Amino acid sequence: MTADYDFASAEPHWQRIWDERGCFAVADDDPGDTRTKYYVLEMFPYPSGKIHMGHVRNYTLGDVVARLRRAQGHAVLHPMGWDAFGLPAENAARERGVHPADWTWGNIAHMRAELKRMGLSIDWSREFATCDPAYYGQQQRLFLDFLRAGFAERRDAWVNWDPVDGTVLANEQVIDGRGWRSGAPVEKKKLSQWFLRITDEAPALLAALDGLDRWPARVRQMQANWIGRSEGAEIEFPLDQPEGAITAVEVYSTRPDTLFGMSFLAISPEHPLAAAVAARDPATAAFIAECRRLGTSEAAIEAAEKRGHDTGLRVRHPFLPDASFPVWIANFVLMEYGTGAVFGCPAHDQRDLDFVRRYGLPVVPVVLPPGADAARFAIDDVAYTGPGTIFHSDFLDGLDVDAAKRAAIAALEARGSGRGVVNWRLRDWGVSRQRYWGCPIPVIHCAACGIVPVPVAELPVVLPHDVDFSRPGNPLDLHPSWPNVACPSCGGPARRETDTFDTFVDSAWYFARFASPHAAEPVRRAAADRWLPVDQYIGGIEHAILHLLYSRFFTRAMRATGHVGLDEPFAGLFTQGMVTHASYRAADGGWLYPEEVDLRADGGAVERAGGGAVTVGRVEAMSKSKRNTVDPGAIIARYGADTARWFILSDNPPERDMEWTETGVAGAWRFVRRLHRLVEAIAVLPAAPKPDRFGAAATALRRTTHRSIAAVSAALDSFAFNVAVARIHEFASALADAEMADAAEPGLAWARREAGATVALLIGPMMPHLAETLHAALNPSAGTLIAELPWPEADPELLEQQSVTIAVQIMGRLRGTVAMPPDAPPEAVIAAAASEDNVARLLAGKRIVKRIHVPNRIVNFVVTG
RNA sequence: GCCCAGGUGGCGGAAUUGGUAGACGCGCAGGUUUCAGGUACCUGUGGCCGCAAGGCUGUGGAAGUUCGAGUCUUCUCCUGGGCACCA
């Protein structure tokens, strides 16, 4: 009888050994290392205070990949760092009087210790935090390069202003008209801001998605939708009477084929023409004010409500010299998209139709659906947007929709009143934030010289430590001395930029910094060339658009400025599911933590303290507000890191949401002990040279061993970690069977030692500590580590089957099975199948019209009568 | 509204990509061990009929292709996610 596996002493022991031996360290650039590189990266954490189960899942998945690739002979880069700037640190400062830096560094220290207890194969010598001047100073340098190369610019722009956080938000950070973090309705404000010109890269970013064949299709789809390419025409509509300096309205349309169906022109309330009319017309001004008051969020709620205001202006039609159309201001026209103006063709656009039904404007159908009667076709309440033949449209008559688009664009271009254009939904990336805890934007504003970049020699621009959070607003702006500097250009008094970068800038290049984390430049080129791209990136689907798109853009800008030599940062992407848990409510409606609840066998639950009634709620993503969280630290203390890792991997496929259950972890812990006991029993067997002869049980075990190698390798290679776990369970059952077999059988002891050594190697990526413990037990004096041993190879001879089970069907229904040698001649297989007892009984009196034989799989008799 | 995923036992999920559906785990039932057990081990476990042999049925639903469909085709229902006055 052996003692239970003592993970509490084994896990720290192996972690120390790995650390002492430097098992996971790699060089930035070592020409002597001829191994193929493999860069595994999990999205780095925000140091919020404690790690949560989502982190545990993320880093477990990455560690399996890293350890597997290392064993398979790759030089593996597997780093860790901290996405350490951000608003929660400032909130902590305002709410609790802790300095953001102290709060952040304290959290990092705590979370680093927690992560280390997981036994991850990380090269900790590469660790950095984005709030360290050593990192953000290099980011400032990158920005100056981008500025020089034209990737960054400052301009006035309508911005999304979050009134609660008191800062600007990128379009990507506005969700349903509300700030992504505060949830407050976003306001429109015009401010001078720094922008990164991501729209210049829109065509390249879209085109390159096709090459990302190791990305999930849906992430590529989401990015493509976000970039939002559309083809159409820009059309100029001259005003009948000029409005001040404005003589025409420019419109973007994807449907120039429907120009003859126009009944009005609509402009956005923010359009310059609207402002010009409002300057002289109070009714127009009132309508614009009302639109602004309703704001984005109200507009979202009342999405169906189309409102308009007739300006009294009229425009001329490019193809109808005698006709003119009214110009309306309409609340559904967005200034941000296209030109901020549309021509309304109500017959073939639902919004336009809703609008004219409200305001009584005409509806002229110009696309005739296939098979419809031109004399009787009419539009009712539903616009027709499908294919068809153009009619009522002069020179476009008879063309189909696509041909008419081309013809209309050609005619517009010929007349000089329009042209074909490609439009993008993607906006430039506003990166200015009115915050303290972020990377200072390294420029200086000089009254005489304008915007002056901080000289590289003066970088980093370091955040001042002595800031005052007692007043609202940006503490940098309020700082008594920090903003005041001499202009680097003229030496006169000047003022620092007090905005800091959006934290998405910090995470848009950190993967490149990991290649040479201590370099005196942003990225050392040789190191970047050695390690980039990231071969396998792993993280949550919530970053499918923002972070991944920004990183792709940054990589292109870094290439253009000579920092890296590639376009795409992430060759492979894996998006993991969330960790969920049932939620519990006490009788008074308050949420309860899982450890406050006792589950009963009938599925009900009671409060552990007092036995009060508990309602078991939905299984949903772990969140503090629902209290359905499980603390990884407590789980690791109770069961060990390997058990937690094993459960996370075994429950379900990693891309899906997994449910954390107490019974599941307990089951994983049971298996850990079972495997430990099985291998301990093997470790006491005498070691002996490989025998010449193996008995039946020994041979069966050896076949299982080598089949397990093949099956587990295939499963791990394809991210089917739950299947790998299942195969190891089967392997363990075979180990238990061998324990019961006749010990005197030739070769059994050797086969069992082989099996034990193999199982230790196979669990290595998933349960690294247990693997080392088993390996050490089997090889007490070897001094080798699983972490340094190569991945096992399956012996092809032992993978060959001596016998295959052939399913026998009659009319496609299973009626029996027969065992045959592999690749037996078809006639022999069919004869054996036909004489199987049950099959023979059912075939009696029937005429066989066809015999189907699929080698090593199936025989099917097609019969009549 | 548009675009993605996904519907398989009581539960999580397997299924060599058209060839024995339900691997493996959880749960449950029966048993063995134990002073005891939130222990360990063994056996069983899709549903219906049957003592059994075996039969029928079964992968959200309907139709189709095929000797054979969880897998392919068409339609349809449901669930989850993303986007959305995008002209």
Side-chain angles (χ1 to χ4, degrees), chain A residues 4 175-176 216-222 224-226 228 230 232-233 251-255 258 266 268 299-300 302-306 330-334 336-345 348-352 354-355 385 423-425 541-542 544-545 598-599 601 603 619 647 650-653 655-659 661-668 670-671 673-674 677 711 714-715 720 722-733 736 740 805-817 837-838 841-842 849-863:
Chain A
D4 257 8
I175 295 150
D176 291 336
R218 67 172 169 149
V219 174
R220 289 188 287 169
Q221 181 72 53
M222 283 162 76
N225 290 345
W226 190 265
S230 81
V251 156
Y252 174 72
S253 174
T254 56
R255 295 298 302 271
T258 63
S268 162
E302 297 184 71
E305 186 79 16
K306 306 274 181 291
N331 67 340
F332 65 86
V333 181
L334 306 175
E336 299 83 29
Y337 188 78
T339 60
V342 300
F343 81 79
C345 175
H348 306 293
D349 183 291
Q350 192 60 44
R351 271 171 333 195
D352 295 347
D354 294 345
F355 187 75
T385 56
N423 213 330
W424 303 86
R425 185 185 172 282
I541 186 74
E542 67 272 18
I545 297 171
D598 276 323
L599 299 178
V619 174
F647 172 52
S650 65
D651 188 63
N652 67 353
E655 69 274 16
R656 293 195 211 164
D657 289 353
M658 73 166 288
E659 184 185 355
T661 60
E662 189 54 37
T663 51
V665 205
R670 213 157 39 233
F671 182 73
R673 278 184 300 174
R674 176 171 146 89
R677 191 163 22 73
N722 56 325
V723 180
V725 166
R727 298 289 94 90
I728 286 173
H729 273 285
E730 288 172 329
F731 191 16
S733 295
M740 297 296 137
T805 307
I806 308 247
V808 186
Q809 298 179 337
I810 298 172
M811 301 297 283
R813 301 170 79 103
L814 183 71
R815 296 303 179 190
T817 58
D837 286 354
N838 196 45
R841 182 174 66 82
L842 291 164
V849 296
K850 200 170 177 185
R851 297 167 179 83
I852 289 156
H853 172 242
V854 180
N856 300 326
R857 291 216 187 283
I858 217 159
V859 171
N860 188 12
F861 295 104
V862 185
V863 298

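Predicted, not measured: the structure shown is a model, and the values here were computed from it. Labels below follow one simple rule: chain letters A, B, ... track the order of the sequence lines, proteins then strands, and each chain is numbered from 1.
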What nitrogen or oxygen pairs link the protein and nucleotides 58-60 of chain B at under 3.5 Å?
none

N/O-N/O pairs, protein side and nucleotides 50-55 of chain B side, under 3.5 Å:
| unit_1 | atom_1 | unit_2 | atom_2 | d |
| --- | --- | --- | --- | --- |
| B:G55 | OP1 | A:Arg815 | NH1 | 3.2 |
| B:G55 | OP1 | A:Asn838 | ND2 | 3.2 |

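Looking at residues two or more places apart in sequence or on another chain, you find no side chain to side chain donor-acceptor pair (under 3.5 Å) involving A:Glu542. With sequence neighbours excluded, no residue satisfies side chain to side chain donor-acceptor pair (under 3.5 Å) with A:Arg815. A:Glu655 meets the side chain to side chain contact (heavy atoms under 4.5 Å, CB included) test with A:Phe574, A:Pro653; sequence neighbours excluded. In this view, A:Gln350 and A:Leu353, A:Asp354, A:Val382, A:Ala383 satisfy the side chain to side chain contact (heavy atoms under 4.5 Å, CB included) rule, not counting sequence neighbours. Considering only residues two or more places apart in sequence or on other chains, A:Phe355 meets the ring-ring contact (aromatic ring centres under 6.0 Å, His included) condition with A:Phe264, A:Trp328, A:Phe332, A:Tyr359. Remark: A:Asn652 pairs with A:Arg57 by the side chain to side chain donor-acceptor pair (under 3.5 Å) rule, at least two apart or across chains. Scanning for side chain to side chain contact (heavy atoms under 4.5 Å, CB included) contacts around A:Ala224 gives A:Leu206, A:Leu209, with sequence neighbours left out. Under the side chain to side chain donor-acceptor pair (under 3.5 Å) criterion, A:Glu659 pairs with no residue at all, not counting sequence neighbours.
Closest contact between the side chain of A:Arg677 and the listed nucleotides B:A87, B:C24, B:A40 involves B:A40. Residue A:Arg670 places its side chain closer to B:C26 than to any other of B:C26, B:A87, B:G82.
Using atom P as the reference point in both B:C67 and B:G60, the two lie 25 Å apart (nearest Å). Taking atom C1' on both nucleotides, B:C11 is separated from B:G22 by 13 Å, rounded to a whole Å. Rounded to the nearest Å, the gap between the C1' atom of B:G25 and that of B:G9 is 14 Å. Going from the C1' atom of B:G82 to that of B:A29 covers 45 Å, rounded to whole Å.
Atom NE2 of A:His853 is separated from atom P of B:G19 by 15 Å (rounded to the nearest Å). The CZ atom of A:Phe861 sits 20 Å away from the P atom of B:G19 (whole-angstrom rounding). At whole-Å resolution of the value, CH2 in A:Trp424 and C1' in B:C86 are 14 Å apart. Rounded to an integer number of Å, the gap from A:Phe671 CZ to B:C41 C1' is 16 Å. With rounding to whole Å, A:Ile858 atom CD1 is found 12 Å from B:A69 atom C1'. In this structure, NZ of A:Lys850 is placed 10 Å from P of B:U66, rounded to the nearest angstrom. Here the P atom of nucleotide B:C86 and the CD atom of A:Gln350 are 11 Å apart, to the nearest Å. Between the P atom of B:C42 and the CE atom of A:Met740 lies a distance of 8 Å, rounded to the nearest Å.
Summarising the base pairing, B:G27 is matched to B:U45 through a Watson-Crick or G-U wobble pair whose two defining distances lie under 3.5 Å.
Comparing A:Leu334 and A:Ala736 against RNA chain B, the residue whose closest nucleotide sits nearer the 5' end is A:Ala736. Both A:Gly338 and A:Glu662 sit near RNA chain B, but only A:Glu662 has its closest nucleotide nearer the 5' end.
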Once each nucleotide of nucleotides 5-18 of chain B is scored for protein heavy atoms under 4.0 Å, what B/S/- sequence comes out, 5' to 3'? -------SSS-B--
Exercise answer: donor-acceptor pairs, residues 856-863 of chain A side-chain atoms, under 3.5 Å, sequence neighbours excluded:
| unit_1 | atom_1 | unit_2 | atom_2 | d |
| --- | --- | --- | --- | --- |
| A:Asn856 | OD1 | A:Asp823 | N | 2.8 |
| A:Asn856 | ND2 | A:Asp823 | OD1 | 2.9 |
| A:Asn860 | OD1 | A:Met811 | N | 3.3 |
| A:Asn860 | OD1 | A:Gly812 | N | 3.0 |

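A:Val854 comes within contact range of at least one nucleobase, with a heavy-atom separation under 4.0 Å. Base contact: A:Gln809 has a heavy atom under 4.0 Å from a base atom. Note on A:Thr805: a base of the nucleic acid sits closer than 4.0 angstrom, heavy atoms only.
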